[in-house]
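Quick notes on the structure that follows.
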Amino acid sequence: QVQLVESGGGLVQAGGSLRLSCAASGRTFSRYFTGWFRQAPGKEREFVATISRTGGIRDYADSVKGRFTISRDNAKNTVSLQMNSLKPEDTAVYYCAADLNYGDFVPNGYAYWGQGTQVTVTV
């Protein structure tokens, strides 16, 4: 069992940066694969990035490669998403997710979710 709470969302101009953080509860956080997903109004929730237990493997959606970086700090029970060169199409609610198994690139692969944090990118 793990509980997740996202923070760091906000309003930013196109080309700017934001850093999202996900705080996790429990001493077993290091056992979990974690990922970030996002959902815009009227659209399905989509994969953004995932990271393995110790950070050795990272994968990104094609739409964010080269702009976003996922990282984790198991000592602090956190996973972060550094978002650079933001575009209006990045506007969405961003969710942190975790699972004891590799969750691949789909929401159904993750058992635990945070409440989401809003990211709005203006032109």
Side-chain angles (χ1 to χ4, degrees):
Q1 178 83 345
V2 63
Q3 293 183 334
L4 308 170
V5 180
E6 302 96 334
S7 63
L11 190 68
V12 65
Q13 293 182 1
S17 299
L18 283 174
R19 184 177 179 86
L20 305 184
S21 295
C22 175
S25 65
R27 59 180 176 84
T28 61
F29 174 70
S30 62
R31 296 184 180 183
Y32 289 82
F33 291 87
T34 58
W36 287 93
F37 291 77
R38 66 187 182 186
Q39 187 167 22
K43 297 183 179 180
E44 296 182 353
R45 190 167 299 186
E46 66 175 351
F47 167 77
V48 175
T50 188
I51 188 168
S52 59
R53 293 181 178 90
T54 60
I57 302 173
R58 305 177 187 185
D59 286 303
Y60 300 90
D62 288 341
S63 60
V64 306
K65 285 182 179 177
R67 299 189 298 121
F68 291 9
T69 302
I70 188 171
S71 61
R72 65 188 295 165
D73 186 340
N74 289 338
K76 296 183 177 180
N77 281 15
T78 58
V79 58
S80 300
L81 185 70
Q82 178 66 45
M83 305 185 294
N84 299 325
S85 301
L86 283 162
K87 304 174 181 179
E89 52 262 44
D90 295 319
T91 296
V93 176
Y94 283 70
Y95 297 90
C96 178
D99 201 278
L100 286 171
N101 300 306
Y102 175 55
D104 210 341
F105 304 153
V106 295
N108 287 344
Y110 295 84
Y112 305 101
W113 294 83
Q115 84 288 350
T117 185
Q118 177 71 46
V119 172
T120 302
V121 184
T122 61
V123 297

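No experiment lies behind these values; they were computed from the predicted model shown.
- Stacking of Arg72 on the aromatic ring of Phe29 is recorded, both the 6.0 Å distance cut-off and the 45° axial limit being met.
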Pair up each side-chain donor or acceptor in residues 11-23 with any protein partner under 3.5 Å, not counting sequence neighbours, and list the distances.
residue: Ser17; atom: OG; partner: Asn84; partner atom: OD1; Å: 2.9
residue: Arg19; atom: NH1; partner: Gln82; partner atom: OE1; Å: 3.3

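- Of the possible polar contacts, none joining the Gln115 side chain to the Val5 backbone as a donor-acceptor pair under 3.5 Å is found.
- Atom CE of residue Met83 and atom CZ of residue Arg67 lie 9.5 Å apart, to the nearest 0.5 angstrom.
- At most 12 heavy atoms of other shown residues, nucleotides or ligands fall within 6.0 angstrom of atom CD in Glu44.
- Note that NZ of Lys43 and CZ of Arg38 are 8.5 Å apart. Values are rounded to the nearest 0.5 Å.
- Atom CH2 of Trp36 is separated from atom OG of Ser80 by 7.5 Å, given to the nearest 0.5 angstrom.
- Summarising the geometry, atom OG1 belonging to Thr120 is positioned 11.0 Å from atom CG belonging to Asp90; distances are rounded to the nearest 0.5 Å.
- Once rounded to the nearest 0.5 Å, the distance linking CD of Gln3 with CG of Asn77 reads 12.0 Å.
- Judged by distance alone, the side chain of Gln39 and the main-chain N or O of Ala92 form no donor-acceptor pair under 3.5 Å.
- Of the possible donor and acceptor atoms, one in the side chain of Tyr60 sits under 3.5 Å from a partner among the backbone N and O of Ile70.
- Through side-chain heavy atoms spaced under 4.5 Å, either directly or across other Ile, Leu, Val, Met, Phe, Trp or Tyr residues, Tyr112 is tied to Val2, Leu4, Tyr32, Leu100.
- The main-chain N or O of Ala98 is never found under 3.5 Å from a side-chain atom of Thr34 such that the two would form a donor-acceptor pair.
- Arg58 contributes no side-chain N or O that, together with a main-chain N or O of Ile51, makes up a donor-acceptor pair within less than 3.5 Å.
- A donor-acceptor distance shorter than 3.5 angstrom exists from the side chain of Asn74 to the backbone of Arg53, with no hydrogens or angles considered.
- Tyr102 belongs to a hydrophobic cluster with Phe33, Phe37, Phe47, Val93, Tyr95, Phe105, Tyr110, Trp113, counting contacts under 4.5 Å between side-chain heavy atoms of Ile, Leu, Val, Met, Phe, Trp and Tyr, direct or through other members.
- The distance from atom CD1 of Ile57 to atom OG of Ser52, rounded to the nearest 0.5 Å, is 4.5 Å.
- Remark: the backbone N or O of Ala111 is paired with a side-chain donor or acceptor of Asp99 at under 3.5 angstrom.
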